[in-house]
Amino acid sequence: MVLRIDTAQASGLDGEGTALFHRSMPFTERLGVEVLQHSRELVVARLAHDESLCTLGGVLHGGALMSLADSTAAVCAFLNLPEGAQGTSTIESKTNFLRAVREGHATASARPLHAGGRVIVVETEIHDDERRLIAKVTQSQAVLRS
């Protein structure tokens, strides 16, 4: 008997969710985004601190954090699309940064606040490895139809 271990599952990663992110938004693969969970109610993804994504002071760049939040919210919105819709596009995003990430991971958790026929509103929180709130993002996604 051969025992096969899914390394993504063994490490707590959501391989299917990570593949969805990377397939639909290749930029997330370049950033190194990993998905921990994805469902209509909650999408959780993380980004590892890496010097190539930092400012001069070794702080994870705000643009990298915003990209993580935008991508996580986009998948959350996509999973909440109404029947007949083809996709979503960010039309507004508001970020409040509360502290810096100097090591470890930034983990984004996105939840739908409103899933309408024209606009989906998603709220995303980013935490560090100590579960401290790093940023709070509210985002509106347009519902795209063919």
Rounded to the nearest 0.5 Å, what separation is found between the [atom1] atom of [X] and the [atom2] atom of [Y]?
X	Y	atom1	atom2	value
F21	L68	CZ	CG	7.5 Å
M25	L20	CE	CG	6.5 Å
R99	I134	CZ	CD1	6.0 Å
D128	E103	CG	CD	8.5 Å
I126	N96	CD1	CG	11.0 Å
T138	E125	OG1	CD	9.5 Å

Taking a hydrophobic cluster as the set of Ile, Leu, Val, Met, Phe, Trp and Tyr residues connected by side-chain heavy atoms closer than 4.5 Å, whether directly or through intermediates, do [X] and [Y] fall within one such cluster?
X	Y	result
V75	V122	yes
M66	V121	no
L81	V119	no
V43	V143	yes
F27	L65	yes

Distance-minimising heavy-atom pair for [X] and [Y]:
X	Y	answer
L60	A106	CD2-CB, 4.0 Å
L36	L13	CD2-CD2, 3.5 Å
A110	T72	CB-CG2, 3.6 Å
R145	P82	NH2-CG, 3.5 Å
G32	L47	C-CD1, 4.3 Å
L133	L98	CD2-CD1, 3.4 Å

- Message: Could you walk me through whether Q139 and T124 satisfy the side-chain contact (heavy atoms from CB on, under 4.5 Å) test, starting with their C-alpha distance in whole Å, then the side-chain angles of each, then the deciding distance to 0.1 Å, before giving a yes or no?
- Response: CA-CA 8 Å; Q139 188 175 93; T124 304; 5.9 Å; no
- Given side-chain contact (heavy atoms from CB on, under 4.5 Å), test V33 with S71 step by step and report yes or no. CA-CA 9 Å; V33 174; S71 301; 5.7 Å; no
Taking atom [atom1] of [X] as the centre, report whether more than 12 heavy atoms of other residues, nucleotides or ligands fall under 6.0 Å from it.
X	atom1	answer
E16	CD	no
E130	CD	yes
H61	NE2	no

Student check: side-chain heavy atoms of [X] and [Y] closer than 4.5 Å:
X	Y	result
S24	F78	no
V59	V101	no
P112	Q141	no

- Message: Checking the side chain of H49 only, and the main-chain atoms of R102 only, is there a donor and an acceptor separated by less than 3.5 Å?
- Response: yes
- Query: Is there a donor-acceptor contact under 3.5 Å from the side chain of T107 to the main chain of R46?
  - Reply: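 Flag not set: sc T107 to bb R46 has no pair under 3.5 Å.
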- Task: Decide side-chain contact (heavy atoms from CB on, under 4.5 Å) for V137 and S93; before the verdict, give the C-alpha distance in whole Å, the side-chain angles of both, and the deciding distance to 0.1 Å.
- Result: CA-CA 7 Å; V137 182; S93 186; 3.6 Å; yes
- Determine, step by step, whether R111 and L42 satisfy the side-chain contact (heavy atoms from CB on, under 4.5 Å) criterion, reporting the C-alpha distance in whole Å, the side-chain angles of both residues, the deciding distance to 0.1 Å, and the verdict. CA-CA 5 Å; R111 292 177 173 80; L42 177 65; 3.6 Å; yes
